[in-house]
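For this chain, numbers begin at 1 and follow the sequence in order. Atoms considered below: every heavy atom in the structure, side chains included; atoms not considered: hydrogens, waters and symmetry mates. First listed ligand is number 1; within each ligand, the first listed atom is number 1.
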Amino acid sequence: MSKDCNTVWENCLAFIKDNLPDTHVFETWFKPLQPLKLDKDILTLKVPSMFFYEWIEDNYIDLLRASIRKELGENARLLYSVVMDTGIGDKSTRSVIPSTDKSATQNRPTSIPISSSPMREMLNPFVIPGLRKVKVNSQLNENYSFENFVEGSCNQLARSAGYAVAQNPGKTAFNPLFIHGAVGLGKTHLVHAIGLETKKRFPEKTVLYISAEQFFQQFVDSTKSNNRNDFLQFYQMMIDVLIIDDIQFFANKQGTQEIFFQIFNGLHSANKQLIITSDKSPADLSGLEQRVISRLKWGLSADLQMPDAPTRVEIIKRKLYKDGITMPEEVIEYLAYNVSTSVRELEGALISLLAHSSMSKKEITLDLARQMIDKFVKSNTREISIEYIQKVVCDYFNIPINIMLSKTRKGDVVQARHISMFLSRKHTQSSLAVIGSKCGNKDHATVLHACKSVQNSYDTDKKFRADLDAIEKKINE
Ligand code: ADP
Ligand code: MG
């Protein structure tokens, strides 16, 4: 008795449906397939797009194979016929086999970063399982690794959540992982590190880093060239870990938000990982639709702060070490304590200093650093920071900064702590509460008391006055 392809496929579908955990998968991936013909034990199925075919073959081939063998016996074979969207509204159907031929890529009308392939002839995925894993260029920068990312309390949560995500993409509660912080604090670096680590642990996973701006551009291009579906399917089906940088760029771009929303939902429900950065927290993002913002809050939102001075010292040292450059400790500290706006500016100051020294053939000294920083920092409106004051005070009395910040009540340490508070009140705009929190976690009353006691000693004790004047002079240098 010869079977017709519709009956065979209906039976296959029943079997597949029975063996899938949820009907959503069935509706999405199997319903759209259509039986075209049955030639002995070869069943041909029509697949809506290349991406569809990729997805099915990657995820459901075992189930598909089992269903067809059950119907047609051990020698059953499957042929896909993929509907080709040529981008000019002309859809043609072809039997396909993907090619690794690079030159073919250039014909692709969209700027989606894949090295995929228009197809030739035909494919029997049972015979050549997993042939052609379409390669996606991850766009990751090797320099932005975890090894090169200095840890500190400023980035602890974001870093450790990111690391956890890389160990288990899509399977932690941190989905999406949303990282926010002001410009130059390391968002881009951190998300590259997560991507690189994921690829290291799971080479078979497809990771894609893309800036929101690039994503927007691709989307606009795909709409123009009628490839919107390709665009959507590329993101929904090809990517295991999607990193979108600077999502604030989507503000007031309705179409892009709409497609992002769809992609987000598709990936999230398939347990794929999303990592998103922004210069604002989800609550402060303006110009984004509420439903998009609510998705961004689903997972974990972690912020990056400006690193404290010791972490900044470490960042400079790490960079110098990587480039094989040495620099006097005092110069490193000077830079770290004086540039407190962003890590990017800190790097800028370091690079200027190195460039200056190599061009003028001058050694890198504290003096040279001072000249440079003055020029550099002036244009960034330099402010004396509490940390810098603490550093000068501690250097003056030769007390390690961590001791001063500890709970110790030793006389000379207490004095240094009080002087730091006094000078912070005098030279910074910070409130008593902030000064207290940065000087060993004291409350504002303690700071007030310290300031009074310093003023009192200054008025009555000659040696103390000389010390304080000398420290103040150094701070104002
Ligand atoms: P953002 O994306 O937040 O604007 P970037 O990731 O571009 O910031 O970081 C700016 C520069 O600072 C980069 O060169 C980056 O390598 C460096 N940087 C930021 N944070 C760290 C860190 N914790 N350790 C090492 N380098 C860092
Ligand atoms: Mg960035």
Side-chain angles (χ1 to χ4, degrees), residues 138-166 176-198 207-217 242-251 274-282 284-285 296 300-325 327 332-333 335-355 373 376-377 380 387:
S138 290
Q139 311 204 93
L140 292 168
N141 178 346
E142 297 287 332
N143 287 320
Y144 285 164
S145 60
F146 271 119
E147 290 77 47
N148 294 336
F149 190 78
V150 176
E151 214 178 329
S153 55
C154 54
N155 58 37
Q156 206 114 51
L157 177 63
R159 191 202 168 278
S160 47
Y163 197 78
V165 160
L177 176 60
F178 186 89
I179 295 173
H180 61 100
V183 64
L185 293 187
K187 299 180 295 294
T188 298
H189 186 144
L190 182 57
V191 295
H192 275 266
I194 301 169
L196 290 168
E197 182 69 23
T198 308
V207 178
L208 177 66
Y209 166 90
I210 190 153
S211 69
E213 192 173 349
Q214 247 183 323
F215 180 94
F216 163 76
Q217 205 54 55
L242 177 61
I243 304 170
I244 301 191
D245 201 4
D246 288 319
I247 202 164
Q248 73 274 3
F249 187 83
F250 287 173
L274 290 121
I275 302 168
I276 290 160
T277 79
S278 157
D279 65 354
K280 295 186 197 69
S281 73
D284 295 333
L285 269 170
L296 300 178
L300 177 79
S301 163
D303 69 339
L304 295 179
Q305 299 279 339
M306 181 62 190
D308 57 16
T311 310
R312 299 205 290 272
V313 168
E314 187 53 34
I315 289 175
I316 298 179
K317 286 188 174 164
R318 194 83 60 101
K319 304 245 176 252
L320 292 172
Y321 178 79
K322 199 170 130 258
D323 295 337
I325 301 169
M327 193 181 268
I332 295 175
E333 294 201 341
L335 281 179
Y337 279 88
N338 280 283
V339 184
S340 54
T341 39
S342 80
V343 183
R344 185 169 294 148
E345 296 206 339
L346 184 64
E347 280 185 0
L350 178 65
I351 292 166
S352 309
L353 181 60
L354 294 171
I373 291 296
F376 192 84
V377 174
N380 294 313
E387 288 159 330

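For a threshold of 3.5 Å applied to N or O pairs, the pair formed by L185 and ligand 1 contains at least one separation below that value. The shortest N or O to N or O distance between L190 and ligand 1 is not below 3.5 Å. Backbone and side-chain nitrogen or oxygen atoms of G184 are examined, and one is located within less than 3.5 angstrom of a nitrogen or oxygen of ligand 1.
In this structure a side-chain-to-backbone donor-acceptor pair under 3.5 Å is missing from Q139 to I210. Judged by distance alone, the side chain of H180 and the main-chain N or O of T277 form no donor-acceptor pair under 3.5 Å.
If you look at Y144 and F149, their ring centroids are not closer than 6.0 Å. For F216 and F249, the gap between ring centers is short of 6.0 Å.
Of all atoms in ligand 1, listed by their number and element, those nearer than 4.0 Å to a heavy atom of V183 are 4 (O). Atoms of ligand 1 found under 4.0 Å from any heavy atom of N148, numbered from 1 in the order shown, are 24 (N), 25 (C), 26 (N). Here is the list of ligand 1 atoms found below 4.0 Å of a heavy atom in N155: 23 (N). Those atoms of ligand 1 that come under 4.0 Å of a heavy atom in G186, given as number and element, are 1 (P), 3 (O), 5 (P), 6 (O), 8 (O), 9 (O), 19 (C), 20 (N).
Distances under 2.8 Å from the Mg ion (ligand 2) pick out the protein N/O/S atoms T188 OG1.
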Problem - Criterion side chain to side chain contact (heavy atoms under 4.5 Å, CB included) on L335 and I332, from CA distance to verdict - result: CA-CA 5 Å; L335 281 179; I332 295 175; 5.9 Å; no
Exercise for the section: Dump the intermediate steps for side-chain hydrogen bond (donor to acceptor under 3.5 Å, both in side chains) on T188 and D245, then the final yes or no. Expected result: CA-CA 7 Å; T188 298; D245 201 4; 2.6 Å; yes
Exercise for the section: Determine, stepwise, if the pair L304 / K187 fulfils side chain to side chain contact (heavy atoms under 4.5 Å, CB included). Expected result: CA-CA 7 Å; L304 295 179; K187 299 180 295 294; 3.8 Å; yes
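Between K187, K322, R318, H192, it is K187 that holds the heavy atom closest to atom 3 (O) of ligand 1. Here atom 21 (C) of ligand 1 lies nearest to F149 when heavy atoms of F146, Y144, F149 are compared. In this comparison of E147, K319, R159, the heavy atom closest to atom 26 (N) of ligand 1 sits on K319. Ranked by closest heavy atom to atom 14 (O) of ligand 1, the top entry among H180, E347, R312 is E347.
Closest of all the heavy-atom pairs between T341 and L185 is O-CD2, 4.5 Å.
Considering only non-hydrogen protein atoms, atom 7 (O) of ligand 1 sits nearest to R344 NH2, 2.7 Å. In terms of protein heavy-atom proximity, atom 6 (O) of ligand 1 is closest to H189 N, 2.8 Å. Of the protein's heavy atoms, V343 CG1, 3.2 Å lies nearest to atom 12 (O) of ligand 1.
Of the heavy atoms in V150, both backbone and side-chain atoms come closer than 4.0 Å to ligand 1.
Using a cut-off of 4.0 Å between Lys/Arg side-chain N and Asp/Glu carboxylate O, R318 and E147 are scored as not salt-bridged.
By the 30° and 60° cut-offs, the orientation of the rings of F215 relative to F250 is tilted.
Residue-environment remark: CD (E151) exceeds the threshold of 12 foreign heavy atoms within 6.0 Å. The number of heavy-atom neighbours closer than 6.0 Å to OH of Y163, taken from other residues, nucleotides and ligands shown, is 12 or below.
Between F178 and I247, some side-chain heavy-atom pair lies under the 4.5 Å cut-off.
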